[in-house]
Student: 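I'd like to ask you about the structure that follows.
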There are 2 protein chains.
Amino acid sequence: MGDRVTKDALFDGFAEVAKAMANGRRAELVDVLVQGERHVEELADEISQSVANTSFHLRALAATGLVTTRRDGTRIYYRLTSDRVGELWAALRDVAAAHHSELDTLAAAYLGDRSRLEEIGRAELADRIVAGDVIVLDVRPRPEFAAGHIAGARSIPIEQLAESLKAVPRDIEIVAYCRGPYCVMADDAVRLLRRRGRAARRLEGGYPEWRRAQLPVESEAAP
Amino acid sequence: MGDRVTKDALFDGFAEVAKAMANGRRAELVDVLVQGERHVEELADEISQSVANTSFHLRALAATGLVTTRRDGTRIYYRLTSDRVGELWAALRDVAAAHHSELDTLAAAYLGDRSRLEEIGRAELADRIVAGDVIVLDVRPRPEFAAGHIAGARSIPIEQLAESLKAVPRDIEIVAYCRGPYCVMADDAVRLLRRRGRAARRLEGGYPEWRRAQLPVESEAAP
DNA sequence: CGACTATTCAAAGACTTCTTTGAATAGTCC
DNA sequence: GGACTATTCAAAGAAGTCTTTGAATAGTCG
């Protein structure tokens with residue numbers, strides 16, 4: 001024990017897990033799967049790749065145990081094997097943001113100007129939900145809302161927001177949220193709402209960060 | 001903002017950080033650098049690679065900002081850019097241990113049989129150090145001890161332990177520690193000590209875990 | 001049981017990564 | 001300033017990764 005060959009093999013083993021995340025498309029898959037399980041076709045659509053290529057990447061994630069599958073009818077649903085994988089993803093994102101010099105530029109290019117989008121902290125939102133003087137809007141796709149959402153939130157996927165606006169009461173502040181700090185759906189929602197004269201802010205982070213902070217969540221009846 | 005091309009570029013950016021860790025030799029480098037800064041030749045020696053190849057991998061880590069350098073005389077010292085990088089490494093190891101099916105086998109092959117090596121928890125050791133009825137032995141290489149160690153620990157690198165044994169008092173329990181859960185130096189120390197009739201245990205984890213738990217540390221005067 | 005289809009697999013080509021070797025560079029330190 | 005040397009760079013070959021295409025598989029569900 002303790003020799004070079006087995007040491008290298010062990011660290012190659014750790015590196016395999018890093019390799020599983022070491023591809024932009026697989027990173028996007030993990031970022032979606034943190035929201036909850038999805039089937040292959042949905043995932044392919046989310047990352048704008050062919051089903052074959054998406055399946056290839058999902059197999060790569062499964063090979064190191066980061067994701068597991070379950071079958072429901074003719075569909076196969078992939079999910080993260082545990083919350084730890086989501087935490088690893090968050091740690092990776094944080095290190096990238098803190099240390100990778102190009103990340104500012106890349107994030108700015110994707111997210112655009114956020115200076116006019118006020119954020120509300122999680123603790124403050126939790127208080128305001130209890131007080132009842134705020135509407136919480138989940139603007140992620142339906143399946144993600146179904147898999148789990150902030151307790152009391154209402155689902156209006158971003159594409160439907162413009163047409164569903166009438167159904168949202170006026171004269172009460174709206175807080176929109178989505179997948180996390182690098183997700184634009186809540187940004188787009190806040191911009192749209194403000195253009196229509198509503199008071200709207202963006203939640204700091206997204207659903208996974210809320211859940212990780214042990215704040216109240218709910219989900220649609222599990223099978 | 002929010003289009004496919006820039007989204008892919010952003011996630012490619014996150015993936016670059018994962019790529020930096022996605023190689024066994026670079027993983028070993030990070031594992032050593034978590035202990036403190038070291039120069040290129042030392043690092044090459046630690047991972048049993050040529051200086052050129054070690055330099056190549058260090059450049060790869062530096063390219064995503066995971067490590068930084070400082071010059072001292074003719075030497076260039078590499079160090080992790082922040083503790084966050086060490087935390088990412090720990091998270092990666094934990095996910096690998098929890099989910100990567102081959103890791104058990106790899107770890108067992110490298111570490112050997114640990115069933116007879118009793119571990120002592122960090123909290124318990126902290127108490128016993130205060131009580132003064134234990135000797136704490138840092139068996140890592142000298143430069144790592146110099147960069148930081150458990151407060152009150154004594155440095156006897158593992159290669160020198162056999163010959164330095166006389167200098168260690170009898171009739172008091174010895175706790176050995178090293179780099180972390182996948183480091184064999186403390187294991188070897190405990191085995192040696194027990195063969196010589198000493199009461200010895202291994203600290204759970206290693207120095208980085210101790211430090212991360214905010215327990216007392218000290219280091220040799222910084223420049 | 002048989003048609004259907006969601007997912008996986010295989011092959012191939014373009015591209016990237018890793019290691020080795022030997023040379024270049026850029027600092028130090030007398 | 002010049003010798004010295006720690007580190008980096010460059011080139012090249014072997015090996016691995018990613019995407020596309022088209023076919024195979026293995027389940028479901030009537």
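Throughout, a chain's letter reflects where its sequence line sits, starting with A, and its residues are numbered from 1.
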Student: Which class fits the ring pair A:H149 and A:F145: parallel under 30°, tilted 30 to 60°, perpendicular over 60°?
Tutor: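 A:H149 and A:F145: parallel rings.
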Student: Decide whether a cation-pi geometry holds between A:R70 and A:Y77; the criteria are a distance under 6.0 Å from NZ or CZ to the six-membered ring centre and an angle within 45° of the ring axis.
Tutor: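 Relative to the ring axis of A:Y77, which defines the angle, A:R70 lies inside both limits.
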Student: Is the shortest distance from a Lys or Arg side-chain nitrogen in A:R84 or A:E87 to a carboxylate oxygen in the other one below 4.0 Å?
Tutor: no
Student: Please state how far atom CG in A:D72 lies from atom P in D:dC29, giving the value in whole angstrom units.
Tutor: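 Between P of D:dC29 and CG of A:D72: 8 Å.
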Student: What is the separation between atom CG on B:D12 and atom C1' on C:dT16, rounded to the nearest whole Å?
Tutor: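 My rounded result for the distance is 13 Å.
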Student: To the nearest 0.5 angstrom, please state how far the CG atom of A:D188 sits from the CD1 atom of A:I158.
Tutor: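 Atom-to-atom, A:D188:CG and A:I158:CD1 are 5.0 Å apart.
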Student: Using 4.0 Å as the upper bound for N to carboxylate O, is an ion pair formed by A:E46 and B:K7?
Tutor: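 Between A:E46 and B:K7 there is no salt bridge, as every charged N stays at least 4.0 Å from the carboxylate O atoms.
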Student: Between A:E209 and A:R93, is there a salt bridge with N-O shorter than 4.0 Å?
Tutor: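 Between A:E209 and A:R93 there is a salt bridge, with a charged N closer than 4.0 Å to a carboxylate O.
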Student: For the side chain of A:E41, starting at C-beta, report the closest nucleotide among C:dG27, C:dT7, D:dA6.
Tutor: C:dT7
Student: Evaluate the criterion side-chain contact (heavy atoms from CB on, under 4.5 Å) for residue pair A:Y78 and A:L43; output intermediate values, then yes/no.
Tutor: CA-CA 9 Å; A:Y78 278 82; A:L43 289 166; 4.2 Å; yes
Student: To the nearest 10°, let me know how far the axis at one end of the helix from C:dC1-D:dG30 to C:dC30-D:dG1 is tilted from the axis at the other, five pairs an end.
Tutor: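 Inter-axis angle at the ends, rounded: 50°.
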Student: Taking atom C1' of C:dT8 as reference, at what distance in whole Å does atom NE2 of A:H39 sit?
Tutor: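 In whole Å, C:dT8 C1' lies 16 Å from A:H39 NE2.
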Student: What parts of residues 43-55 of chain B reach DNA chain C, counting only heavy atoms under 4.0 Å away?
Tutor: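 Output list: B:A52, B:N53.
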Student: Just how far, in rounded Å, is P of C:dT17 from NZ of B:K19?
Tutor: 6 Å
Student: Rounded to whole Å, please give me the gap between CG in A:L58 and C1' in D:dT17.
Tutor: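 In whole Å, D:dT17 C1' lies 16 Å from A:L58 CG.
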Student: Could you work out which one of D:dC18, C:dT19, C:dT7 sits closest to the side chain of A:R26?
Tutor: D:dC18
Student: Using a cut-off of strictly less than 4.0 Å, decide whether B:R25 has a side-chain nitrogen or oxygen near OP1 or OP2 of C:dC18.
Tutor: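 False: B:R25 side-chain N/O out of range (4.0 Å or more) of C:dC18 OP1/OP2.
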Student: For the side chain of A:F56, starting at C-beta, report the closest nucleotide among D:dC18, C:dA6, C:dC18.
Tutor: D:dC18
Student: Identify whether the distance between the nearest side-chain nitrogen and carboxylate oxygen of A:D187 and A:R202 falls below 4.0 Å.
Tutor: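 A salt bridge links A:D187 with A:R202.
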Student: Between B:R59 and D:dT8, is there a contact of a side-chain N or O with OP1 or OP2 at under 4.0 Å?
Tutor: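 Checking B:R59 against D:dT8: at least one side-chain N or O falls below 4.0 Å of OP1 or OP2.
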Student: Just say parallel, tilted or perpendicular for the rings of A:W89 and B:F11, cut-offs at 30° and 60°.
Tutor: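 Plane angle under 30°, so parallel.
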Student: What integer distance in Å separates A:Y77:OH from C:dT8:P?
Tutor: 14 Å
Student: Are the charged groups of A:R38 and A:E144 less than 4.0 angstrom apart, N to O?
Tutor: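 A salt bridge links A:R38 with A:E144.
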Student: In this structure, how many angstroms lie between the P atom of D:dC18 and the CD atom of A:E28, rounded?
Tutor: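 About 14 Å, once rounded to whole Å.
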Student: Does A:N23 place a side-chain N or O at less than 4.0 Å from the phosphate oxygens OP1/OP2 of D:dT17?
Tutor: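 Looking at the OP1 and OP2 atoms of D:dT17, neither is under 4.0 Å from any side-chain N or O of A:N23.
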Student: Considering only side-chain heavy atoms of B:T74, which listed nucleotide, C:dT19, C:dT28, C:dT17, is closest?
Tutor: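 Nearest to the side-chain atoms of B:T74, counting from C-beta on, is C:dT28.
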Student: Check the phosphate of D:dT17 against A:H57, side-chain N and O only, distance under 4.0 Å to OP1 or OP2. Yes or no?
Tutor: no
Student: Can you find a side chain N or O atom of B:Y78 that sits less than 4.0 Å from OP1 or OP2 on D:dT8?
Tutor: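 For B:Y78, the contact criterion (side-chain N or O under 4.0 Å from OP1 or OP2 of D:dT8) is met.
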Student: B:R75 has an atom CZ; how far is it from atom P of C:dC29, in whole Å?
Tutor: 12 Å
Student: Could you pick out which residue, B:T69 or A:A22, lies toward the 5' side of DNA chain D when each is mapped onto its nearest nucleotide?
Tutor: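 With B:T69 and A:A22 compared, the 5'-side residue is B:T69.
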